[in-house]
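First the proteins, then the strands, lettered A, B, ... as listed; each starts at 1.
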Amino acid sequence: MTDIDKPTNFIQQIINADLESGRVTNVVTRFPPEPNGYLHIGHAKSICLNFGLANQYNGQCNLRFDDTNPEKEDQAYVDAIIKDVRWLGYDWEGEPCYASNYFDQLYLWAITLVNDNKAYVCELDAQAMRELRGTLTEVGTNSPFRERPAEESLALLESMRVGDVAEGAMTLRAKIDMSSANINLRDPVLYRIKKMTHQRTGDKWNIYPSYDFAHGQEDAIEGVSHSICTLEFAANRPLYEWFTANLPLPSIPHQYEFGRLKLNYTITSKRKLKQLVDDHHVFGWDDPRMPTISGLRRRGVSASAIRNFCDSLAVAKTDGIVDVAQFEHFIRDDLNSNAARAMCVINPLLVTLTNYSGHENVQIEVKNHPNRDDMGSRTLTFSDKLYIDQGDFSEDTSLSRKKFKRLVIGDYVRLRGAFIVRADDVVKNPAGEVIEVIASLVPDTVGKDAPEGIKARGVVHWVEASSAVDCTLNIYDRLFNQADPDMGEQHFLEHLNPDSLSVVNGCKAEASLAATVAGDHYQFEREGYFTRDTDQTKSLIFNCTIGLRDNWKA
RNA sequence: UGGGGCGUCGCCAAGCGGUUAAGGCAACGGGUUUUGAUCCCGUCAUCGGAGGUUCGAUCCCUCCCGCCCCAGCCA
C-alpha cells in the first residue's frame, strides 16, 4: 500500500504539532476495550488507528482492559479480545495492561481528593441523586452531604471499601459544580459500591472506580500521550481534564475524539450483538454473519482486508454511515489477489462425453491464480463424467450468445482450463427435468484456442465426477434487511433477515479441496470466495466469504 | 430547551482565503479476458440556507435550518 499521498488526519496534525513544540517526545496510545463482549468491525477502526499511529511515530500502543465493572465483565472476553487483536496483526510490549492493576493507586488518589476537599462521600441514593442533578436546562442542587468534613468522608470511604456499607447506599463524588452547563461536571460519581468478585482482583474490593475517575488516570500512569476515543466522550473531556489538573499524576495525557465507524445493514453495539448471541439468533459471537472480528475471521475475511478497509476510513469528527459495499470492496480486493483458485460445482449436473475414448487419464495442469505465477499450479483429473452447474446449461437454444454465455444444445462452451465441449442431447427424469447432458469434446483444445469455425459461448467451471468430493456450502446474506437496523432501541430484531444463511448440501468440489483448513482462502471460480469452516469435525463445509462481483444484467 | 460536536457528489471524504472543488466506494458507458471476475479507459458536485467581510470565500463573521452526543452508582 502506498499511503504516501494519503492526507494527514486531524489527530496526526495534532501529534505533529505536539512533536514540533516538544510537548511530546514519545507517542504513546492505547486501545482500551472493556472485556464485556467481543470485538467488532467498529473496534477494528480504533485498533488500526491507535496501533497504526504508534507504528507510524515509532511509539507504543498499549492494549488495556478497562475492567472497572465486574458486573459485566468476564475473563473469556479478555481472552477473545487478545486473540482478535493479535490476529489483526498487532502486538504490544509485555503483558496487556489492566485498569484493575491500578486500583490501589486510584484509591490513594481518591483519598487525595477528599483531603483536598475536592471529593466527598454522598449518601444520596440513585433516585435522589438524579433528582438533585437537575436537567439539561435547570441547574442541579448541592447534595446535603457535600460539605461534610474530610475526616468523615475518609472514614466512610474506608468502610465502603472494606464492605461495611450496602450497595447503593453511598458513593464517593467529586466536588465540582452542580450548576455546570456540562452535566458531567455536576459532582460525578468516582466510586460506587459493588460487592462482586472481580475476574482479576477477586474479592479484594467492594468498591470500584467509575469510568471517568479511572480512564484518564490509567492514561497518566501509562504515559499515554494521546488518548483517542470516540465522539460520545467529548462531553467527558472537561472532567478528564479536571482530574489531570487536580491530581498529582505522573504525566498529563490529553483526550481527542473521532467519529466511530458505522456500517449500514450492520449493528455495531456490543450490547445488541450480545443479545443476538444470548437469544440464539446466531450461533455465537463467531457466527460468520456477525460483524465481530471472530465472525469475520470465520467467514473468511482476511486481517489485511480489515486493515486496508480501516486505513481507507477517514479519521474525522463527522459521524457518518459507511456503505458496507466499501468494506466488501476491500474484502474482494484482498481475496482477489491472494486467494488460490479452485473449482466447486454448487448444483451438480452430470455431463457425459461420448467421444472421450482416446483421452483417458488426461491430467490437466491449471494455474492456481490467473495472474500470479508464484502461486503455482495443480493437476486436475479429467474423464468422460463431469459435473457442471445446473445454471450453466439451458434447454432454450434461442438464447443469444451475448445473453447466455453458457452451454446450450448444439453449441460450444469452454470447460475452464480444459477442453471445449459441445452439448448434443439431454436425458430427463420422469418429471421432465434435465438430469444429464450428453456432450462431445473438441480434441486438442486444452490450453489452445478453438479451431477454425468453432467459437465457445463462454467459460464454465467443472469438476470430474469420480474424484470429486462432496461438500456443504454455507451461503450468507446480510444479517439485517434494513439499512439502519440500529434505529429504534427495541426493534432491531425485527429487521433480522430470515434468509441470512442458506445451507447448500450435495456440492461437488475438486479433490484437492478435501485437504484444506480453516484460514485458507479460495476463490471457487465463477462463484465466490470461500474458506473452510472452523468446525472440521463433520463433513467438508465451506463458508462463502463473499460472492464475485456480478455486473451483467440478465 | 442548557452545554458540546457536525453539515462538501447516492456513500465515505480531501480542501486550512486565489484549486480545472483530490481520491475511494457505488453507478453508468466502452475495451481486454480460457472466471459474465480481475485489469484498463471514460462519465459523474460549486460546497445545508440567507446575509456580510474581502479585489477574491467551500475555507473568516452573523443569523437561520438540519443531524449527533450529554440528565447510569455503564463505558
Point to revise | Rounded distance (Å) that lies between atom P of B:C39 and atom NE2 of A:His369 | key: 10 Å
Study note, to complete from the structure: Expected string for nucleotides 70-75 of chain B under the B/S/- scheme (protein heavy atoms, under 4.0 Å, primed atoms plus P, OP1, OP2 as sugar-phosphate) is BBSBSB
Point to revise | P atoms of B:C64 and B:C28, separation to the nearest Å | key: 43 Å
Review point. Counting any heavy atom closer than 4.0 Å, what does A:Gly447 reach on the DNA or RNA strands: base, sugar-phosphate only, or nothing?
Key: base
Check your understanding: Which is true for A:Lys262 with a 4.0 Å heavy-atom rule: it touches a base, it touches only sugar-phosphate, or it touches nothing?
Key -> nothing
Point to revise | Test item: A:Thr266 and A:His40 side chains (from C-beta on) under 4.5 Å apart, heavy atoms | key: no
Review point. Hey, are A:Arg549 and A:His329 close enough side-chain-wise for a donor-acceptor pair under 3.5 Å?
Key: no
Review point. Do A:Tyr107 and A:Glu158 meet the criterion of a side-chain donor-acceptor pair at a distance under 3.5 Å?
Key: yes
Check your understanding: Looking at B:U38, does its base get a donor-acceptor pair with the side chain of A:Arg549 below 3.5 Å?
Key -> no
Study note, to complete from the structure: Per nearest nucleotide of RNA chain B, the residue lying toward the 5' end, A:Thr445 or A:Tyr529, is A:Thr445
Exercise for review: For nucleotides B:A45 and B:G36, find the distance between their P atoms and express it as a whole number of Å.
Suggested key: 33 Å
Review point. Base, sugar-phosphate, or nothing: which does A:Lys317 touch, judged by heavy atoms less than 4.0 Å apart?
Key: sugar-phosphate
Practice item. Using ring pair (Phe, Tyr, Trp, His ring centres under 6.0 Å) as the criterion, point out the one residue from A:Phe419, A:Phe393, A:Phe382 that pairs with A:Trp462. Key: A:Phe382
Check your understanding: Going by modelled atom types, is there a donor-acceptor pair between the base of B:U35 and the side chain of A:Glu527 at under 3.5 Å?
Key -> no
Check your understanding: Quick one: which of B:G15, B:U35, B:A26 gets closest to the side chain of A:His329?
Key -> B:A26
Check your understanding: Under 4.0 Å between a side-chain N or O of A:Arg332 and OP1 or OP2 of B:A37?
Key -> no
**Study point:** Donor-acceptor pair present, A:Arg526 side chain and B:U35 base, under 3.5 Å
**Key:** no
